[in-house]
Amino acid sequence: MSIGAAGAGGVVGGGEAPHVLAVDDSSVDRAVIAGILRSSQFRVTAVDSGKRALELLGSEPNVSMIITDYWMPEMTGYELLKKVKESSKLKKIPVVIMSSENVPTRISRCLEEGAEDFLLKPMRPSDVSRLFSRMLP
Amino acid sequence: MEYSNLRRQTIFMKKNLFDQGFLDEQFNQLEELQDESSPNFVEEVVDLFFKDSSRLLTNIEQAIDKYPQDFYRLDSLVHQFKGSGSSIGALRVKNECSVFKAHCNDRSLEGCRRSFQKIKREHATLKQKLESYFQLLRQVGPREHAVSSRK
């Protein structure tokens with residue numbers, strides 16, 4: 001299994017599989033998230049920073065959801081969320097924040113800024129089915 | 001029959017890893033993601049962890065020996081270590097990282113040193129045990145260990 005590149009998509013709901021952008025500076029977590037998403041038939045691109053995420057979003061228009069870690073060096077998930085929501089091109093893309101810490105103020109700040117959801121790590125397959133049944137057609 | 005004996009051994013080994021607290025439910029979650037298209041998913045993720053963690057352990061060791069101590073940086077490094085350990089279900093490693101973080105919070109260098117020695121021991125033990133486990137699984141064959149034996 002190739003970790004990091006977009007995998008083959010299955011057909012979901014009559015169209016192409018949704019493309020999810022996963023952002024996490026931890027290679028282990030990227031692999032776990034990608035594995036969970038692919039087993040649910042999503043196409044995944046996993047990148048290691050907010051900067052790379054924005055580069056990709058600039059060139060790849062068809063991203064159905066962004067899942068990002070909160071704590072990352074240089075640009076946090078919160079900062080990435082803000083940049084996405086400030087962009088007229090990107091603001092409609094749902095953004096989910098993940099964190100290993102349950103900090104209520106952090107969670108409400110992210111939700112206020114427009115995050116769809118806040119997940120506690122480690123990510124589980126049940127988190128994914130819960131998210132996507134709500135968010136994607 | 002040799003095959004079922006090997007299979008029994010893998011089940012027993014895995015049960016021990018759980019019973020002795022080396023692994024938690026997250027490991028099962030990862031095993032359940034294995035299928036024909038990614039038959040070695042867990043081993044690949046575990047390999048990533050041990051590559052990543054070797055680097056982190058070196059950085060933590062250097063940060064501990066540095067003077068003056070930067071507890072903020074130490075905490076941040078161990079936080080990363082704890083996070084990836086938790087992602088593969090490395091329970092003992094994760095718990096010892098929590099102890100370490102508490103010592104950082106208390107700004108106790110001695111506490112951090114002691115805890116770090118424990119983290120290194122747990123890390124080394126887990127590595128050895130998982131290497132044996134995956135080696136045994138390889139002998140059993142790919143199909144069998146795609147299904148979790150512990151629900």
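By the rule that hydrophobic residues join a cluster once side-chain heavy atoms approach within less than 4.5 Å of another member, A/Ile93 and A/Leu111 end up as members of one cluster. B/Phe71 and B/Val99 fall into different hydrophobic clusters, where Ile, Leu, Val, Met, Phe, Trp and Tyr side chains are chained together by heavy-atom contacts under 4.5 Å. Taking hydrophobic clusters as Ile, Leu, Val, Met, Phe, Trp and Tyr residues chained together by side-chain heavy-atom distances below 4.5 Å, B/Phe27 does not share a cluster with B/Leu91.
More than 12 heavy-atom neighbours from other residues, nucleotides or ligands sit within 6.0 angstrom of CZ on A/Arg106. Taking a 6.0 Å sphere around NZ of A/Lys85, one finds it holds more than 12 heavy atoms contributed by other residues, nucleotides or ligands.
Within the 4.5 Å cutoff, the side chain of B/Gln29 has heavy atoms near those of the A/Pro125 side chain. Counting heavy atoms from C-beta outward, B/Gln26 and A/Val32 have side chains that approach closer than 4.5 Å.
Rounding to the nearest 0.5 angstrom, the gap separating the CG atom in B/Leu30 from the CZ atom in A/Arg124 is 10.0 Å. Distance NZ/A/Lys121 to OG/B/Ser86: 8.5 Å, rounded to 0.5 Å. Separation of atoms CZ (B/Phe49) and CG (A/Asp29) is listed at 10.5 Å; rounding is to 0.5 Å.
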Distance-only criterion, 3.5 Å: show the donor-acceptor pairs between side-chain atoms of residues 55-62 of chain B and protein atoms not counting sequence neighbours.
unit_1: B/Arg55; atom_1: NH2; unit_2: B/Asp52; atom_2: OD1; d: 2.7
unit_1: B/Thr58; atom_1: OG1; unit_2: B/Ser54; atom_2: O; d: 3.0
unit_1: B/Glu61; atom_1: OE2; unit_2: B/Lys120; atom_2: NZ; d: 3.3

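Heavy atoms only, all atoms of each residue included: B/Ser84 and A/Ser26 are closest at CB-OG, 4.2 Å. Of all the heavy atoms in A/Ala31 and B/Leu48, the pair that sits closest is CB-CD1, 3.6 Å.
Neither the backbone nor the side chain of A/Ile33 comes within contact range of chain B; no heavy atoms are under 4.5 Å apart.
A side-chain contact (heavy atoms from CB on, under 4.5 Å) with A/Ser100 is found for one member of B/His79, B/Lys82, B/Lys94 and no other, namely B/His79. Between A/Val28 and the options B/Ile88, B/Val46, B/Asp47, a side-chain contact (heavy atoms from CB on, under 4.5 Å) holds for only B/Ile88.
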